[in-house]
Amino acid sequence: MARAFRATTRGYRADMETYERRLLSHLCADVISMLEARGQASGDDAATAPEDGFAHFRRELAGLGVDIDGETEESGLEPPADAALARLLPDASGDPAEAAQLRRLSEASLRESKIADLRAARMALESDPVSLSEEQAPVFGRALNAVRLTLAARLEIDDEDDAERVHQMASGSKASTTEEFMAELYTFTTWLQESLFSAMLDVMPDDQ
Amino acid sequence: MTSAAGSTLTQEGTELDLQRSVLHSRPYQVVVWNDPVNLMSYVAWVFRSYFGYSRDKAHQLMLQVHHEGRSVVASGPREKAEQDVTAMHSYGLQATVEEAE
């Protein structure tokens with residue numbers, strides 16, 4: 001059984017069983033794959049190719065970028081259809097046109113920063129105990145949050161009642177279904193994240 | 001930066017700049033929305049560490065999100081507000097940018 005995060009003289013530390021660290025690392029890897037697949041589907045490769053000063057021109061040439069009226073089409077990135085991706089990469093505006101524009105500007109870098117967080121978390125999970133410096137702690141915390149958001153989407157947690165339902169499911173006897181297992185993982189990552197940020201808030205100076 | 005004393009032209013320019021910055025200083029706001037997943041401690045920590053808010057202010061904003069469903073956590077020029085929203089997304093919070101009323 002794991003011992004939650006607590007502050008140490010050099011950061012934060014949690015004692016976790018080997019299987020718990022492995023499981024969490026796998027979950028991080030799953031979220032990374034999901035984000036990478038989204039990147040490939042959105043044509044990140046084309047966007048990052050170094051030679052391409054003509055991408056915009058070629059898109060127009062291919063008839064992509066201009067609609068029949070000659071107005072610029074809101075092409076490119078549609079909001080993710082998948083519930084978990086939609087939680088990780090949400091719209092930045094209530095106005096759909098505005099949201100589409102902001103998504104084109106920022107989604108790729110947002111995806112990259114999340115992938116970087118999750119990779120760093122996997123590295124941290126290689127060591128026993130899991131020790132985080134002050135600098136690593138927020139990164140690990142963000143990765144845990146991405147995992148929680150993903151599990152929550154799969155468990156269809158849309159309101160506080162759903163959250164309670166999942167909590168009840170997890171506190172039952174040994175998990176026998178995938179959903180019950182996911183509920184246990186959700187509760188576990190929630191508990192870890194809560195302990196980490198409570199410790200971080202305690203350490204944070206009042207005048208910051 | 002050099003002194004502009006005695007130069008009417010520069011003063012006018014400065015006044016124009018000032019007007020422009022006043023015009024654009026508060027038109028956009030960063031709204032954070034409630035959701036059943038993000039932890040209260042986490043949300044408060046994000047407000048403190050990212051915006052540099054005091055313990056009390058961060059706690060107050062977090063409670064506003066929790067009880068009222070949303071809270072305007074910052075406002076400013078459009079680009080800055082958009083940057084803040086992306087930052088909130090990087091922490092996994094649900095946030096949008098909107099024009100101030």
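Letters A, B, ... are given to chains in the order of the sequence lines, protein chains preceding strands, and every chain is numbered from 1. Since the structure is predicted, the reported quantities are computational estimates derived from the model, not experimental observations.
Of all the heavy atoms in A:Glu160 and B:Pro36, the pair that sits closest is N-CB, 4.0 Å. Closest non-hydrogen pair, B:Leu39 versus A:Gln193, comes out as CD1-OE1, 3.3 Å. Between B:Ser41 and A:Phe197, the shortest heavy-atom contact is OG-CB, 4.1 Å.
Residue B:Asn34 touches chain A through its side chain alone, counting heavy-atom pairs closer than 4.5 Å. Heavy-atom distances place the side chain of A:Leu110, and not its backbone, under 4.5 Å from chain B. Neither the backbone nor the side chain of A:Ala146 comes within less than 4.5 Å of any heavy atom of chain B. Contact of A:Leu102 with chain B is made through the side chain alone, with heavy-atom distances under 4.5 Å. Heavy-atom distances place the side chain of A:Asn145, and not its backbone, under 4.5 Å from chain B. Of the atoms belonging to B:His59, not a single heavy atom falls under 4.5 Å from chain A. For A:Thr190, the parts sitting under 4.5 Å from any heavy atom of chain B are the backbone and the side chain alike.
By number of non-hydrogen pairs under 4.5 angstrom with chain B, the leading residue of A:Ala163, A:Ser113, A:Pro138 is A:Pro138. For the options A:Asp117, A:Leu88, A:Asp91, heavy-atom pairs under 4.5 Å to chain B are most numerous at A:Asp91. Chain B forms the most heavy-atom pairs under 4.5 Å with one residue out of A:Arg87, A:Glu98, A:Lys114, and that residue is A:Arg87.
Residue B:Val37 is tested with A:Leu151, A:Leu149, A:Asp158 for a side chain to side chain contact (heavy atoms under 4.5 Å, CB included); the sole match is A:Leu149.
Put simply, CG on A:Asp202 and CH2 on B:Trp45 are 14.0 Å apart, with the number rounded to the nearest 0.5 Å. Note that CG of A:Leu89 is 11.5 Å distant from OG of B:Ser90, once rounded to the nearest 0.5 Å. With values rounded to the nearest 0.5 angstrom, B:Tyr28 atom OH is found 9.5 Å from A:Ser93 atom OG. A distance of 11.5 Å separates CG of A:Asp95 from CD of B:Glu98, quoted to the nearest 0.5 Å.
Heavy-atom neighbours of A:Glu164 CD from other residues, nucleotides or ligands within 6.0 Å: above the threshold of 12. With a 6.0 Å radius and a threshold of 12 heavy atoms from other residues, nucleotides or ligands, A:Glu36 has its CD atom above the threshold. The number of heavy atoms from other shown groups lying within 6.0 Å of CE (B:Met40) is above 12. Heavy atoms of other residues, nucleotides or ligands lying less than 6.0 angstrom from CZ of B:Phe51 number more than 12. With a 6.0 Å radius and a threshold of 12 heavy atoms from other residues, nucleotides or ligands, A:Arg22 has its CZ atom at or below the threshold.
Within the 4.5 Å cutoff, side-chain heavy atoms of A:Pro90 are placed close to those of B:His89. Looking only at side-chain heavy atoms (C-beta outward), B:Tyr42 and A:Arg142 come within less than 4.5 Å of each other.
A salt bridge does not link B:Glu82 to A:Arg103: none of the charged side-chain nitrogens sits closer than 4.0 Å to a carboxylate oxygen.
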